[in-house]
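Report on the following structure.
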Number of protein chains: 2
Amino acid sequence: MTQLDPETPGAVADEAPRLGRKRDHTRDPEILDAALEVLAETGYDGMTIDMVAARAKAGKATLYRRWPSKAELVIDAVACMKKVDLDPSSLPDTGTLRGDLIALIRPHSIEESERKMQIMAGMMSMIARAPELADAANAAIVEPRAAVNRLLINRAVERGEISGECDIETISMISPSMATYRSLVLKKPVDRAFLVALIDGVVLPALGLGAGARDKALAS
Amino acid sequence: MTQLDPETPGAVADEAPRLGRKRDHTRDPEILDAALEVLAETGYDGMTIDMVAARAKAGKATLYRRWPSKAELVIDAVACMKKVDLDPSSLPDTGTLRGDLIALIRPHSIEESERKMQIMAGMMSMIARAPELADAANAAIVEPRAAVNRLLINRAVERGEISGECDIETISMISPSMATYRSLVLKKPVDRAFLVALIDGVVLPALGLGAGARDKALAS
DNA sequence: TGGTTCCGATACTTGACAGTACCGTATATA
DNA sequence: TATATACGGTACTGTCAAGTATCGGAACCA
């Protein structure tokens, strides 16, 4: 995204070792985290470099030594957002699609996606001015969740729980989209009750699993 | 929202007529329209009072005579957005829910909601800082569309086309939510193909109308 | 026609923030 | 220990926009 393309962030680079201290850039992670925090709290336009520097207990000059501008810092911060987004092996496997989807709803995941929503909201004004950032933001923030849904649904198709004739692509985006909308625009909490209502009232019915799936689950 | 609460915008107010010109405030609508235009194009933070004044061919002082600050101007502009949002009598009535929903998709409505999305995007940073604005923005921009869906669905329930056991409230928000998400975050066009896919792939199935509804419609 | 008020334009003040320059210090290498 | 480098801190500059002040002209009324 910036000049760190070839290296991972914080990597040692360059030519032969010189005298004195190495180019460690060891404070990068703290600075990027601070940038995300401030971005989430105040939005891109409200955020100042001084805020980020103060939050990271760093000098403003340090930030400018590493990133050429505020915009590049933010882009880098979003791009480097740690992708804790559950690899396939750590996904729930309860045997039913409903069970899997419900199992995804945990306090931790709700909290994390709340944070991501804040970051997304903070980026909106940037995205409006530079639409090419939309892809990056989407890839880092909401797409991972849609991908999980897609995977779980495909697994349900494979084991014959549902037919494969549905529009899986669109249906996978229902909960990310509606949760984003609820959080960003409505400013209402995306809590367990909302997500369960979404699964039982929209996602499963759209896949051809009527109220039966829920009732069966409740009875057992 | 501002000091014009008791009056409708542009209303003549006050005491006995004085000498000279009346307090007409006759330029208000142009100014508010200009504000919405600039807001949609550049976002709240990027917008300047000079831009709005220039667009409305008005003096900057004129704006400040009427609204105490940039924020109040924008709030007023959004609140006064003309609600052309189709009264019940002008809604389609094709006899089937699918027909009604599809009939809502017209080039004009797509264009208009594209504009509203731009405005909403422009307001996001304001909303983040003043969450109480979320309600106002929602009420002026997306809620009307959800209300139309709700009405059409309820009508379908009344004539027995679908059962009333669905989560109509949530389902009415599917297309507004997902269209908003697609436009604001994904920056992809909300075109007819997308909306039809949403209706046939999500909304109708979620209401218990399987692919049959579409196939029947296509066959006839 | 003369008085009154609103309007458009423009010049001005003020404050905030991006980005730069610089200094003293801490730290790692030799 | 000596040296070079990165860092934290702070002072500085330049720009830009919010909000204010003022003025001449136009529209309206008596």
Side-chain angles (χ1 to χ4, degrees), chain A residues 2 4 9-32 34-35 38-39 41-77 122 125-126 129, chain B residues 2 10-32 34-35 38-39 41-77 122 125-126 129:
Chain A
T2 64
L4 88 156
V12 187
D14 287 6
E15 59 266 23
R18 276 167 286 180
L19 232 50
R21 195 174 178 177
K22 267 180 300 192
R23 289 176 172 274
D24 47 7
H25 285 315
T26 179
R27 302 286 328 268
D28 280 17
E30 286 96 321
I31 295 174
L32 292 173
V38 179
L39 179 63
E41 284 169 25
T42 71
Y44 178 77
D45 298 282
M47 135 186 197
T48 71
I49 296 289
D50 296 81
M51 286 184 200
V52 178
R55 184 74 59 106
K57 296 198 208 315
K60 187 159 62 150
T62 304
L63 274 68
Y64 279 104
R65 279 182 205 115
R66 183 69 181 73
W67 294 273
S69 73
K70 172 179 165 181
E72 302 250 22
L73 166 64
V74 171
I75 292 169
D76 226 32
S125 65
M126 271 187 101
R129 272 176 255 165
Chain B
T2 64
V12 186
D14 289 1
E15 59 267 20
R18 274 167 288 182
L19 231 48
R21 197 176 178 178
K22 267 177 300 191
R23 288 179 174 274
D24 44 10
H25 285 313
T26 178
R27 301 286 327 271
D28 280 16
E30 286 96 321
I31 295 173
L32 292 173
V38 178
L39 179 64
E41 285 169 23
T42 71
Y44 178 78
D45 298 282
M47 134 187 197
T48 72
I49 296 289
D50 295 83
M51 286 184 201
V52 178
R55 184 74 59 106
K57 295 196 208 313
K60 186 159 63 152
T62 304
L63 274 68
Y64 278 104
R65 280 184 202 111
R66 183 69 180 73
W67 294 274
S69 72
K70 172 180 165 182
E72 302 250 24
L73 167 63
V74 170
I75 292 169
D76 226 32
S125 65
M126 271 187 99
R129 272 175 256 165

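Below, read A as the first sequence line, B as the second, and so on, with proteins coming before strands; counting in each chain starts at 1.
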>> Could you tell me how far apart A/R55 (CZ) and D/dG8 (P) are, to the nearest whole angstrom?
In response: 16 Å
> Does A/T48 make a side-chain N or O approach to OP1 or OP2 of C/dC17 shorter than 4.0 Å?
Replying inline: no
>> So, taking the atom named NZ in B/K60 and the one named OG1 in B/T62, what distance separates them when rounded to the nearest 0.5 Å?
In response: 11.5 Å
> Residues two or more places apart in sequence or in another chain: which of them pass side chain to side chain contact (heavy atoms under 4.5 Å, CB included) with B/M126?
Replying inline: B/Y44, B/A71, B/V74, B/I75, B/L133
Atom pairs, N/O to N/O, protein against nucleotides 19-21 of chain D, distance under 3.5 Å?
unit_1, atom_1, unit_2, atom_2, d
D/dG19, OP2, B/Y64, OH, 3.2
D/dG19, OP2, B/K70, N, 3.2
D/dG19, N7, B/K60, NZ, 3.1
D/dG19, O6, B/K60, NZ, 2.6

> What's the CG-P distance between B/L63 and D/dA17, to the nearest Å?
Replying inline: 16 Å
> Once you round it to whole Å, what is the distance between C1' of C/dC17 and CG of A/L73?
Replying inline: 15 Å
> Base, sugar-phosphate, or nothing for A/M47, non-hydrogen atoms under 4.0 angstrom?
Replying inline: sugar-phosphate
> Taking only residues two or more places apart in sequence, or in another chain, which ones meet B/E41 in a side chain to side chain donor-acceptor pair (under 3.5 Å)?
Replying inline: B/R55
>> Check the phosphate of C/dG8 against B/T62, side-chain N and O only, distance under 4.0 Å to OP1 or OP2. Yes or no?
In response: yes
> Could you give the CZ-to-C1' distance, from A/R65 to C/dG19, as a whole number of Å?
Replying inline: 13 Å
> How many Å lie between OH on A/Y44 and C1' on C/dC17, as a whole number?
Replying inline: 12 Å
> Would you call A/W67 and A/I49 a side-chain contact if the rule is heavy atoms closer than 4.5 Å?
Replying inline: no
>> Expressed as a whole number of angstroms, how long is the span from A/D45:CG to C/dA16:P?
In response: 17 Å
> Atom CZ of B/R66 and atom P of C/dG8: how far apart are they, to the nearest Å?
Replying inline: 14 Å
> Excluding sequence neighbours, so at least two apart, what forms side chain to side chain contact (heavy atoms under 4.5 Å, CB included) with A/A35?
Replying inline: A/M47, A/V52, A/L73, A/A77
> Does A/K70 have any salt bridge (charged side-chain N to carboxylate O under 4.0 Å, His left out) partners at least two apart in sequence or in another chain, and if so, which?
Replying inline: none
